[in-house]
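What follows is a single structure, written as structure tokens, with notes after it.
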2 protein chains.
Amino acid sequence: MGRTTSIDSYVQQFVNLDNEELATFSAAFKEIRAQKRQFLIQPNFVARHRFFVLKGALRAYVVDEEGQDRTIQLAIEQWWISDYNSYMFQQPASMFVMAVEDSTLLQISFEDEQRLKSSNYKYETFFRIIAERAAAFMQRRVITNLTKSAEQRYDLFLEKYPAMVNRFPQYVIASYLGMTTEFLSRIRNQKLRFKG
Amino acid sequence: MGRTTSIDSYVQQFVNLDNEELATFSAAFKEIRAQKRQFLIQPNFVARHRFFVLKGALRAYVVDEEGQDRTIQLAIEQWWISDYNSYMFQQPASMFVMAVEDSTLLQISFEDEQRLKSSNYKYETFFRIIAERAAAFMQRRVITNLTKSAEQRYDLFLEKYPAMVNRFPQYVIASYLGMTTEFLSRIRNQKLRFKG
DNA sequence: TAGAAAAGTTGAACTAGTTCAACCATTTTT
DNA sequence: AAAAATGGTTGAACTAGTTCAACTTTTCTA
């Protein structure tokens with residue numbers, strides 16, 4: 001069977017590639033499957049790839065000193081996921097990246113990405129743009145974490161990423177938002193009581 | 001008088017530019033002075049520039065609903081500063097960027113940066129690399145904020161940015177680290193009592 | 001160099017969010 | 001369909017960090 005979908009339309013949002021350029025770009029990616037609970041990246045190993053989600057859901061998390069999971073990134077269709085500090089600098093990872101659903105991914109290796117970037121100006125531009133967007137996204141998250149209460153962070157998450165809420169268990173969303181699953185449970189039930 | 005220092009050696013860390021390329025690159029920047037307490041970016045106005053610090057110290061902060069300052073970014077020599085969401089997407093800013101010391105900066109406008117990026121592959125590569133580094137840096141900050149206690153965040157800050165500690169007032173560092181100035185004061189004095 | 005402004009300290013009361021433990025519900029596996 | 005595993009809820013005690021207010025110290029400005 002063919003691809004569930006592809007990265008073509010995604011890339012075209014940012015740069016204009018002709019058919020040949022598009023083919024070369026796509027060829028640098030390998031389609032892989034990841035079963036629910038399968039790990040794609042683990043601490044202490046270098047993250048050799050970054051992943052573009054065609055289908056499915058994944059999370060990146062660290063385990064802190066007290067043994068608690070802290071979700072750093074969530075990804076569903078059309079999102080990228082990896083341990084960026086590990087991938088970009090080819091250093092040992094601190095994160096797990098795990099499939100939360102059976103997933104289909106496009107995988108690119110660090111070396112192939114370097115090759116793409118240096119082979120064609122447009123590919124370089126593409127990766128520049130997604131890096132800029134990632135930086136801006138992360139800065140917004142820092143701001144939210146510093147300025148909003150737990151309940152406000154949850155409301156904002158619902159508003160901005162409604163498609164994600166039902167794809168991840170509550171404890172994953174809670175840890176992404178920097179609170180305990182118990183506290184998020186209380187926030188949700190309090191809302192039901194007043195609004196529903 | 002000439003430049004206090006320049007951006008040349010900084011750029012050369014990441015890309016190899018010949019003299020002409022270096023000259024063109026530098027020419028896109030304008031050297032400006034900012035006096036202590038002067039604002040370079042203000043909420044609701046589009047951030048037209050990003051700034052590279054030649055000399056001095058600056059902070060970027062938002063004011064939250066309760067009227068409290070939350071420091072999002074600090075910058076001293078060789079750091080960049082701006083409201084990236086505003087600058088990258090040319091949207092109204094949510095931050096103030098203010099000089100904490102009398103400073104000398106290199107300023108580049110959004111349009112001139114676009115021009116550089118599209119005029120020479122190497123400039124594109126340079127901006128791609130700094131965006132990747134910014135994204136990785138921000139992701140580390142998210143991780144730290146989610147996994148460490150107030151005291152651990154302060155210790156880590158001391159360890160990683162010793163040069164910054166003495167350049168910013170304590171309340172700025174406290175708000176950068178996501179705690180109150182009173183609490184940081186207590187952390188510091190407790191350390192003195194036990195260690196010094 | 002005096003006076004004002006900005007920055008830092010301390011105590012005491014407080015609160016947002018955590019922890020722990022027990023229980024319930026839902027999904028998965030056999 | 002039973003058993004096991006995973007995920008969610010609830011109450012009660014707790015705590016890391018906040019708030020407020022008064023005070024001290026340091027820095028800036030005229």
Side-chain angles (χ1 to χ4, degrees), chain A residues 35-38 57 59 61 63-71 74 96 98-102 144-158 164-194 196, chain B residues 35-38 57 59 61 63-71 74 96 98-102 144-158 164-194 196:
Chain A
Q35 285 197 323
K36 188 168 174 170
R37 292 202 182 80
Q38 185 182 323
R59 63 187 282 243
Y61 64 97
V63 178
D64 73 13
E65 286 161 6
E66 281 95 51
Q68 300 219 318
D69 283 18
R70 306 295 183 158
T71 300
L74 298 176
F96 292 93
M98 193 184 84
V100 168
E101 299 173 0
D102 290 348
T144 305
N145 287 173
L146 289 177
T147 59
K148 307 287 186 191
S149 69
E151 181 166 4
Q152 288 174 322
R153 295 196 306 274
Y154 177 63
D155 291 343
L156 220 52
F157 183 84
L158 279 183
M164 286 196 162
V165 181
N166 304 309
R167 304 283 291 275
F168 296 93
Q170 180 178 81
Y171 73 89
V172 168
I173 291 172
S175 91
Y176 179 82
L177 294 173
M179 66 187 84
T180 59
T181 188
E182 293 95 329
F183 197 67
L184 181 51
S185 174
R186 280 179 247 262
I187 288 172
R188 279 177 155 169
N189 292 336
Q190 201 178 8
K191 279 189 198 303
L192 282 181
R193 226 160 279 139
F194 285 102
Chain B
Q35 286 197 324
K36 187 168 175 168
R37 294 205 178 77
Q38 186 182 322
R59 63 187 282 243
Y61 64 97
V63 177
D64 73 13
E65 287 161 5
E66 281 94 52
Q68 299 218 319
D69 283 18
R70 306 295 181 158
T71 300
L74 298 176
F96 293 93
M98 193 184 85
V100 168
E101 297 173 1
D102 291 347
T144 305
N145 287 174
L146 289 176
T147 59
K148 307 287 185 190
S149 70
E151 182 166 3
Q152 288 174 323
R153 293 193 311 269
Y154 177 62
D155 290 344
L156 220 54
F157 183 84
L158 279 183
M164 286 194 163
V165 181
N166 305 310
R167 303 282 291 274
F168 296 93
Q170 176 178 287
Y171 72 90
V172 168
I173 291 172
S175 91
Y176 179 82
L177 293 173
M179 66 187 83
T180 58
T181 188
E182 292 95 329
F183 197 67
L184 181 51
S185 174
R186 281 179 246 262
I187 288 172
R188 280 177 156 170
N189 292 338
Q190 201 178 6
K191 279 188 198 303
L192 282 182
R193 226 161 280 139
F194 286 100

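In this text, all values refer to a predicted model and were calculated from it rather than measured experimentally.
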Nearest 0.5 Å, please: how far is CD in E151(A) from CG in L156(A)?
12.0 Å
State which residues pass salt bridge (Lys or Arg N to Asp or Glu O under 4.0 Å) with R167(A); sequence neighbours excluded, sorted by chain then number.
E77(A), E101(A)
Give me, pair by pair, the N or O atoms of the protein and of nucleotides 27-30 of chain D that are less than 3.5 Å apart, along with how far apart they are.
residue	atom	partner	partner atom	Å
dC28(D)	OP1	K36(B)	NZ	3.3

Axis bend over the full length of the helix from dT1(C)-dA30(D) to dT30(C)-dA1(D), computed from five pairs that close each end, to 10 degrees
60°
Could you check how far CZ of R188(B) sits from C1' of dA7(C), rounded to whole Å?
11 Å
Nearest-0.5 Å distance, CE of residue M164(A) to CZ of residue F157(A):
6.0 Å
Give me the atom names and distance for the closest heavy-atom approach of I173(A) to F168(A).
CD1-O, 3.8 Å
Which residues pass the side-chain contact (heavy atoms from CB on, under 4.5 Å) test with D69(A), sequence neighbours left out?
R59(A), Y61(A), V63(A)
Polar-atom pairs under 3.5 Å, protein N or O versus N or O of nucleotides 3-5 of chain C: list them with distances, or write none.
none

Which atom pairs, one a donor and one an acceptor, fall under 3.5 Å between side chains of residues 175-183 of chain B and the rest of the protein, sequence neighbours left out?
residue	atom	partner	partner atom	Å
S175(B)	OG	T71(B)	N	3.0
S175(B)	OG	T71(B)	OG1	2.5
S175(B)	OG	V172(B)	O	3.4
T180(B)	OG1	F183(B)	N	3.1
T181(B)	OG1	Q170(B)	NE2	3.4

Euclidean distance, atom CE of residue M98(B) to atom C1' of dA6(C) [Å, nearest integer]
12 Å
Where do Q152(B) and T147(B) come nearest, in terms of heavy atoms and distance?
OE1-O, 4.3 Å
Non-neighbouring partners of Q68(B) that pass side-chain contact (heavy atoms from CB on, under 4.5 Å), sequence neighbours left out:
D64(B), E66(B), R70(B)
Can you tell me how far apart OG1 (T144(B)) and CZ (R153(B)) are? Round to the nearest 0.5 Å.
9.0 Å
For dT6(D) and Q170(A) - does any side-chain N or O of the residue sit under 4.0 Å from the phosphate oxygens OP1/OP2?
no
Round to a whole Å and report the spacing from CG of N189(A) to P of dC24(C).
16 Å
I'd like to compare against my own output: the B/S/- annotation of nucleotides 17-25 of chain D with a strict under-4.0 Å heavy-atom distance to protein.
BBBB-----
Mind calculating the distance between CZ (F168(A)) and C1' (dT6(D)) to the nearest angstrom?
17 Å
Quick one: salt bridge (Lys or Arg N to Asp or Glu O under 4.0 Å) partners of E65(A), sequence neighbours excluded?
K148(B)
CD of Q190(B) versus C1' of dA16(D): gap in Å, rounded?
12 Å
